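A quick write-up on the structure given underneath.
Just so it is clear, the values below take in all heavy atoms, side chains as well, and ignore hydrogens, waters and symmetry mates. Model, not experiment: these values are computed from the prediction.
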Amino acid sequence: MAGLILLLQQGKDFMATPHEASASPEAVFAYLANEVMKQLRPEIQEFLMMVVYLPTMSNQLAERLTGQVQSRAFLSELYETRCFIERRQEEEWVYQFHPLFRDFLIARAQATMTQEQLTELQVRAGRVLDEAGHIEEAIGVLQKAGRVDEQIALILTSAPILLSQGRSQTVEEWITKLPGNVLSHQPWLLFWLAHCRFASNPRAAQPLFEQAFTGLQANKDQTGVLLSWCGIIDSTLFSWEDLRRLDPWIDRFPTLLPVEGLSTLSTEVQNKVVYSVATGLMWRRTFTSEAAEWMERLEDVLMVTEPNQAALIGHHLLSYYTWMGQITKADLAMERLHARVRHAPLLPLARINYLLTQSIYTWHSGEPELAKSCVLEGREVGKASGIRIFDFPLMVVQVWILKYIGDLQAAETLLEEIKAHPQFSQCFASPFYHYLASQVFMLKGDTGSAWSHIERASAFSTVVGCPFWKTKWHFEMAEQLLERGDLQEAAMHLNQIDESNALPMSHMWNFEFLSMKAHYAFEGGDEDGGTQALRAAMHVGRIERLVDFPGWRPKIMARLCERALEDGIEVEYVHGLIRKRNLVAHASPLMTELWPWPEG
């Protein structure tokens, strides 16, 4: 439009120009743009050459780049004459050239300037854009200029901000567009590239964190060494692989600390280190005082960290205190987590974590329907965002919930979905599947299939490397062996549990152990031993407000509740347990009187 207006103003016959109908649109536009340029005052032509590398510009931005106080007047004049420029109102007027006109100006600049002048102009434009907060535009200009050092500097300063906004793909694209030999000499770029890939593929991120660790250690960069160490721990955990690989890194941690300890580091780095140490110990050295101490430190971090990190921390705190059967601490952790993230705009990864945490908490609190809705929402968020690393744990929790409410057919159907899932090839997946399948078949009364599956879950005791899940497997093996009458083999598994320190550290495991002990004592005719174990089990259950444990058998627990009511053991707690779990009593005159039957 601007070209036609100016040509008509001069009285030229456009159809008489050399541009015939067969000319390309680009050629026609170039002709018009050139004619427009001829009509502009020299100072405006010079101005256009100086701002050509600004994709968009405000009056202030143009003035900072050109140093010309007339920038505002030039832009206004160009807009008023409709010289291939548009503007929109933001905090101030923002101008943008028509794409074809900008291409024309760039071509003109390349034709009239030396390479040195072009590069200097591009670098100045990149710096001005960076200072104004237009990071992506700045990177684009520096890429065109081939200025690798300036790109690296800008990526390193911008990566934390963009990743906190969930823009990992943008940062990854910048890094991978750098020349191939750059990464080997830039460990911080490796670190940020690893972070970019963590959410979608933690297994691919792990070797990058390790390379970054090596490079940063060679550079004696203590902060970088600790943060890359954290990345190694986190990516190992979220890869759902053999957790024994954590051991050398956990053992190495004390040698990485400053002599004065963590206090010399920034609060942000301290919090990140506490998170990774605590979660590494939680998963690999579960039943140790060291893990308990670091988890307490992690509680303090939950109260001060930003919401997305709080969602990750809250998940591990809730899981740990649930494992330990410390329901009061789990309640407090969940209350604090809600306060930190309830109204925050969470990134998808954090949102999924939060929903997974809610599902575990509400399931253990006796609200299975709410737990199930959290799982389903979490799976939808993962599907929509492309973050699939939590598919497997979400489905595992969903099976637990279905088992909890007694919907065994739905649980069995979901197990087949788990078996067909791409994550099934991961180290954790197969034993998880067989462990859960064993419990489902046991509850269905198919002891043959249950035994077949629990034997195939033996990887829990070998290659998985998590003491908590190893204890789960030993408990299930012991219970099924006892039901099969193999007392000697069952005793071996119970000894393994005892040696793991699980019973004194975890009220939940103690509750299950004492309940199992009471059941088999009664079955063997040992009334005194059964009553003593039952009294201890219900005492632990009442004090810690427990309503579930991994090897829960509704029929067995109903019989134990009957015996507790007959002997007056923790009656109020037992009534609540029966109602929470919908336990059904055997028909007897005594139970008709003692059992808390549903009203109506």
Side-chain angles (χ1 to χ4, degrees), residues 287 323 325 396 399-409 411-412 414-416 418-419 428-464 466-500 502-503 506 508-526 529-530 533-534 537 546 548-561 563 581 583-584:
F287 305 116
W323 291 0
V396 166
V399 173
W400 279 109
I401 295 166
L402 293 169
K403 187 168 73 73
Y404 182 104
I405 62 180
D407 192 348
L408 301 181
Q409 187 57 51
E412 192 173 351
L414 185 56
L415 282 169
E416 291 306 305
I418 289 175
K419 191 176 180 180
F428 260 60
S430 177
F432 255 119
Y433 164 78
H434 289 298
Y435 174 84
L436 290 169
S438 176
Q439 289 213 321
V440 169
F441 282 114
M442 199 71 190
L443 292 172
K444 293 179 73 172
D446 186 348
T447 56
S449 295
W451 178 251
S452 173
H453 280 289
I454 198 59
E455 282 192 305
R456 294 162 71 185
S458 62
F460 271 142
S461 68
T462 53
V463 300
V464 169
C466 176
F468 176 77
W469 292 104
K470 183 176 180 178
T471 301
K472 267 191 173 187
W473 180 75
H474 281 302
F475 257 116
E476 190 64 28
M477 284 293 291
E479 293 198 38
Q480 292 198 29
L481 285 163
L482 286 168
E483 294 195 20
R484 293 164 69 91
D486 192 338
L487 303 184
Q488 185 174 356
E489 193 74 14
M492 184 194 75
H493 286 280
L494 291 173
N495 287 337
Q496 289 286 323
I497 295 169
D498 191 44
E499 291 172 6
S500 73
L503 298 180
S506 171
M508 182 185 70
W509 287 132
N510 201 24
F511 184 35
E512 179 166 358
F513 176 78
L514 291 168
S515 298
M516 186 171 66
K517 183 177 179 181
H519 169 67
Y520 287 106
F522 288 135
E523 288 290 298
D526 182 2
L534 179 61
L546 300 171
D548 193 26
F549 51 73
W552 183 275
R553 306 279 199 271
K555 291 181 180 178
I556 292 175
M557 291 307 297
R559 286 198 290 271
L560 290 178
C561 286
R563 293 297 299 260
R581 298 309 306 266
L583 297 176
V584 179

Problem set entry | Under 3.5 Å: donor-acceptor pair, side chain of E512, backbone of G551 | yes
Exercise. Do the side chain of S506 and the main chain of L503 share a donor and acceptor less than 3.5 angstrom apart?
Worked result: no
For this session: Could I get the full list of ring pair (Phe, Tyr, Trp, His ring centres under 6.0 Å) partners for F511, not counting sequence neighbours?
Result: F549
Exercise. So, does S438 use its side chain to make a donor-acceptor pair with the main chain of H434 at under 3.5 Å?
Worked result: no
For this session: Would you please name every residue forming a ring pair (Phe, Tyr, Trp, His ring centres under 6.0 Å) with Y520, sequence neighbours left out?
Result: none
Exercise. Between R563 and F522, is NZ or CZ placed under 6.0 angstrom from the six-membered ring centre and within 45° of the ring axis?
Worked result: yes
Problem set entry | Side-chain donor/acceptor of N495 to backbone N/O of A491, under 3.5 Å | yes
Exercise. Would W451 and F441 count as a close aromatic pair, with their ring centres under 6.0 Å?
Worked result: no
Exercise. Do other residues, nucleotides or ligands put more than 12 heavy atoms under 6.0 Å from K555 NZ?
Worked result: no
Exercise. Quick check: does any side chain N or O of S515 sit under 3.5 Å from a backbone N or O of A537, one acting as donor and the other as acceptor?
Worked result: no
Exercise. What is the ring orientation for Y433 with H453, classed by angle as parallel under 30°, tilted 30 to 60°, or perpendicular over 60°?
Worked result: perpendicular
For this session: Would you please classify the geometry between the W469 ring and the Y435 ring as parallel, tilted or perpendicular, with 30° and 60° separating the classes?
Result: perpendicular
Exercise. Considering residues at least two apart in sequence or located in another chain, which fulfil the ring pair (Phe, Tyr, Trp, His ring centres under 6.0 Å) criterion with H474?
Worked result: H493
For this session: Flag the pair I497 / F513 as yes when at least one side-chain heavy-atom distance between them is below 4.5 Å, and no otherwise.
Result: no
Exercise. P554 versus W552: any side-chain heavy-atom pair under 4.5 Å?
Worked result: yes
